[in-house]
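For reference, the structure discussed in these notes is given below.
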Amino acid sequence: MRSDIRVRIAPSPTGPLHIGTARTALFNYLFARHTGGTFVLRLEDTDVARSTAAFEKDILDGLHWLGLTWDEGPGVDGREEQGPYAPYRQMARLPEYAAAAERLLATDNAYPCYCTPEELDADRTAQEARKLPPRYVGRCATLTLEERAAREAEGRRGALRFRVRPGVVGWNDIIRDRVEIDTSNLGGDFVIVRADGTPLYHFTVVVDDMAMAISHVIRGEDHVSNTPKHILLFQALGYEVPEFGHLPLILNPDGTKMSKRKSQTAVADYIAQGFTREALVNYFAFLGWSPGTEEEVFTLEELGRRFDLEKVQKGGARFDRERLEWLNGQWIRRLDDEELIARLFPFLEAAAAAGEIGRMPTDDELRALLPIVRERIPTLASLPELVGFLWTDDLSVDPAAIVPRRWDAGTTHDGLVAAREVLAAHDAVTWEADELEPPLRDLVEARGWKAGDLFMAIRVATTGKTATPPLFDTLVALGRERTLARLDAAIASLSAPAGA
RNA sequence: GCCCCCAUCGUCUAGAGGCCUAGGACGCCACCCUUUCAAGGUGGAGAUCAGGGGUUCGAAUCCCCUUGGGGGUACCA
């Protein structure tokens, strides 16, 4: 399925990949996949002061990691950028903007403005004082050619302003239907090229969207009020105006626009915390959209099949981490063994490097463990916390913690001694969960104990934790020697004189 | 201030005039399962569909007003 539909995500490398950017990228991607269109990635790096190569890499890598691969745009991992409309980074497209600016100047749709920042500031404060909306006063709007020449002769370089004429600009937004805005609310003639010659966002975005034949501009709702400027520019440049669709914003839990201050916004942080790409994509998609059925768990591919831009919600959606975690659990349960092991590995390496575990488990150890840990890890990063005791040798357990609620230290001591004896009777061959359990249950019965109490004492003695995967599977993973050694250590700590 | 947008359980949402005594999911509570923790199962609490006017035989769904919330108001993107 091919179509002329072309959409783009145009991140600015002035910060790490933001959740909002990822979500907008996802919706563009899904729209492209659903319609057989083309998904373009363009870097908007004209804010030279704030753009960095590191941020650019973080953004590209992050989108790539999420699986939001672009059909045209810069390469990842040192690959060449590709596509018929290269280059795809704005600082490499300066001649295009210069040519477009020249055309606007020639047609008098734009003019040079020599106002100083001080003058502009003064204008703004005066307007605010009179409770008027800030807008450019038009000081340079009517300068004659001679006056402009005189200023240039003084060595002054003008910024380029676009003329905003009276009228109403409207469009049929794919998501919010008809929107109309009177141009008198645009703040007057706006700057499209800085005095230093670098072009500004509102200008480059239009020139590039036209040059790259973008048919649908799908972006955040925060751009609704900028859209008239863009439409005016498209028209002044003689371009066909694309379709627009403004997505609802992702909100902080308090309902304001998502910010670093109140939420974790960097995709890299979610990756580092062990969220899967499947869960993140699944969650983002459901922030503002739903398939209209009661299904909840979707792959990126399924989302592409079902996605419908017109069914996107209009109101903003608060970010709910609990729901993301639930979805992450859903996806961890769905990953196949080898995939899960591969994804767990980096997190184990990180834990080892941080000294949280003493050594790295092998693939086989991990594989054997999967059945009992899979449903107990909300994130890929939480495995060391769950069963790290398997890979650390110096386990120090507080004797008091070993004593179950209903038992005293003496009973616990006796219980562990008896349990140790029963367990020691097994050799390596019968060291299996279903072999270990029956004799211990017999022991409990013979002594009139409660299974839960003995099991809890063994659990804490051998793992140092009160919450673990099923006890006997855990002991098997731990191995006969270590289990007995840890029981010995616990017994010894319980027989030490009180207060010693 | 001005402009624009939005409005269904705490949260994400289903709902395109009668199928709605408003459905699902997350979270919460209870029970079941159970050696702990999870997972899973069952059930429950939770929304007078922001409020008020219309239109209509009939409105969560259409219109208006009010209120509330959000976004934008740069030689940032």
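First the proteins, then the strands, lettered A, B, ... as listed; each starts at 1. What you are looking at is a predicted structure, and each value in this text was computed from that prediction instead of being measured.
With both ends at atom C1', the span from B:C57 to B:G15 equals 22 Å, rounded to whole Å. The gap from the C1' atom of B:C26 to that of B:C20 amounts to 23 Å, rounded to the nearest Å. On the C1' atoms, B:C28 is 9 Å away from B:A45, given to the nearest whole Å. As rounded to the nearest Å, B:A7 and B:C65 have P atoms that lie 16 Å from one another. Taking atom C1' on both B:A47 and B:C64, the two are 25 Å apart, rounded to the nearest angstrom. Separating the P atom of B:G41 from that of B:A25 is a span of 10 Å, rounded to the nearest Å. Rounded to the nearest Å, the gap between the P atom of B:G23 and that of B:G68 is 31 Å. Taking the P atom of each, B:C31 and B:U36 are spaced 14 Å apart, rounded to whole Å.
Close to B:C76, at under 4.0 Å from its OP1 or OP2, lies a side-chain N or O of A:R194. Taking only side-chain nitrogens and oxygens, A:Q313 never comes nearer than 4.0 Å to OP1 or OP2 of B:G70. The side chain of A:K311 contributes an N or O atom lying less than 4.0 Å from OP1 or OP2 of B:G15. OP1 and OP2 of B:A74 both lie 4.0 Å or more from every side-chain N or O belonging to A:R161. For A:R50, no side-chain nitrogen or oxygen approaches OP1 or OP2 of B:A77 to under 4.0 Å. Regarding contacts with the backbone of B:G24, every side-chain N or O of A:S290 stays at 4.0 angstrom or more from both OP1 and OP2.
A:G288 comes within 4.0 angstrom of sugar-phosphate atoms only, judged by non-hydrogen atoms across all strands, and of no base. A:T198 comes within contact range of no nucleotide atom at all, as no heavy-atom separation falls under 4.0 Å. Backbone-only engagement by A:L200 is indicated by non-hydrogen atom pairs under 4.0 Å involving sugar-phosphate atoms exclusively. Nucleic acid contact class of A:P470 (heavy atoms, under 4.0 Å, all strands): base. Nucleic acid contact for A:F286: sugar-phosphate only, since backbone atoms but no base atoms lie under 4.0 Å from a heavy atom of the residue. Using a 4.0 Å heavy-atom distance criterion, A:Q330 is classed as a sugar-phosphate-only contact. Nucleic acid contact for A:T468: base, since at least one base atom lies under 4.0 Å from a heavy atom of the residue. Note on A:A451: nothing from the nucleic acid sits closer than 4.0 angstrom, heavy atoms only. Across all strands shown, A:N226 has heavy atoms under 4.0 Å from base atoms, whether or not it also approaches the sugar-phosphate. Across all strands, A:H202 comes closer than 4.0 Å to base atoms (heavy-atom distances).
For A:D173 (side chain) and A:R178 (main-chain N/O), no donor-acceptor pair under 3.5 Å exists by modelled atom type. Judged by distance alone, the side chain of A:R89 and the main-chain N or O of A:E44 form no donor-acceptor pair under 3.5 Å. Side-chain atoms of A:S263 never come within 3.5 Å of backbone atoms of A:K260 as a donor-acceptor pair (strictly under, hydrogens ignored).
Atom CG of A:L454 and atom C1' of B:U35 are 10 Å apart (whole Å). Spacing between atom CG of A:D320 and atom P of B:C9 amounts to 15 Å, rounded to whole angstrom units. Remark: P of B:C4 and NZ of A:K229 are 15 Å apart, rounded to the nearest angstrom. A straight line from CZ of A:F284 to P of B:U13 spans 14 Å, rounded to a whole angstrom. In this structure, A:F319 atom CZ and B:G10 atom C1' are separated by 17 Å, rounded to whole Å. Between the P atom of B:U35 and the CD1 atom of A:I402 lies a distance of 22 Å, rounded to the nearest Å. If you measure from atom NE2 of A:H230 to atom C1' of B:U73, you get 14 Å, rounded to the nearest angstrom. One interatomic measurement links the two molecules: CZ of A:F472 to C1' of B:U35, which rounds to 7 Å at whole-angstrom precision.
The nucleotide whose nearest atom lies closest to any side-chain atom of A:I181 is, among B:C26, B:C6, B:C3, B:C3. Picking from B:U35, B:G71, B:G23 the nucleotide with the shortest atom distance to the side chain of A:S225 gives B:G71. You'll find that the side chain of A:K257 is closest to B:G72, out of B:C75, B:C2, B:G72. For A:P134, counting side-chain heavy atoms from C-beta on, the closest listed nucleotide (B:U36, B:G71, B:A74) is B:A74. For A:V191, taking side-chain heavy atoms from C-beta onward, the closest of the listed nucleotides B:C75, B:A77, B:C2 is B:C75. With B:C37, B:C26, B:C76 as the candidates, the nucleotide lying closest to the side chain of A:E322 is B:C26. With B:C6, B:G40, B:A77 as the candidates, the nucleotide lying closest to the side chain of A:R333 is B:G40. When each of B:C26, B:C12, B:A77 is scored by its nearest atom to the side-chain atoms of A:A317, the top-ranked nucleotide is B:C12.
Across all strands shown, B:C2 pairs with B:G72; the Watson-Crick or G-U wobble distances both stay below 3.5 Å. Base pairing of B:C26 is made with B:G10, judged by Watson-Crick or G-U wobble geometry with both donor-acceptor distances under 3.5 Å. B:G58: no Watson-Crick or G-U partner with both key distances under 3.5 Å is found in any strand.
In this structure, A:M258 and A:T116 both approach RNA chain B, and ranking their closest nucleotides by distance from the 5' end singles out A:M258.
Taking only distance into account, the side chain of A:R376 meets the base of B:C37 through a donor-acceptor pair shorter than 3.5 Å. A donor N or O paired with an acceptor N or O is found under 3.5 Å between the base of B:A25 and the side-chain atoms of A:R323.
A cation-pi arrangement is absent between A:K229 and A:F162 under the rule of less than 6.0 angstrom and at most 45 degrees off the ring axis. Taking the ring axis of A:F347 as reference, the NZ or CZ atom of A:R343 does not stay both within 45° of it and closer than 6.0 Å to the ring centre. Because its NZ or CZ atom is both nearer than 6.0 Å to the ring centre of A:Y136 and within 45° of the ring axis, A:R161 counts as a cation-pi partner of that residue.
In this structure, A:F472 and A:F455 have perpendicular ring planes: the angle between them is above 60°, well past the 30° mark.
The two atoms that bring A:V217 and A:R8 nearest to each other are CG1-NH2, 3.6 Å, heavy atoms only.
With a 6.0 Å radius and a threshold of 12 heavy atoms from other residues, nucleotides or ligands, A:R261 has its CZ atom at or below the threshold.
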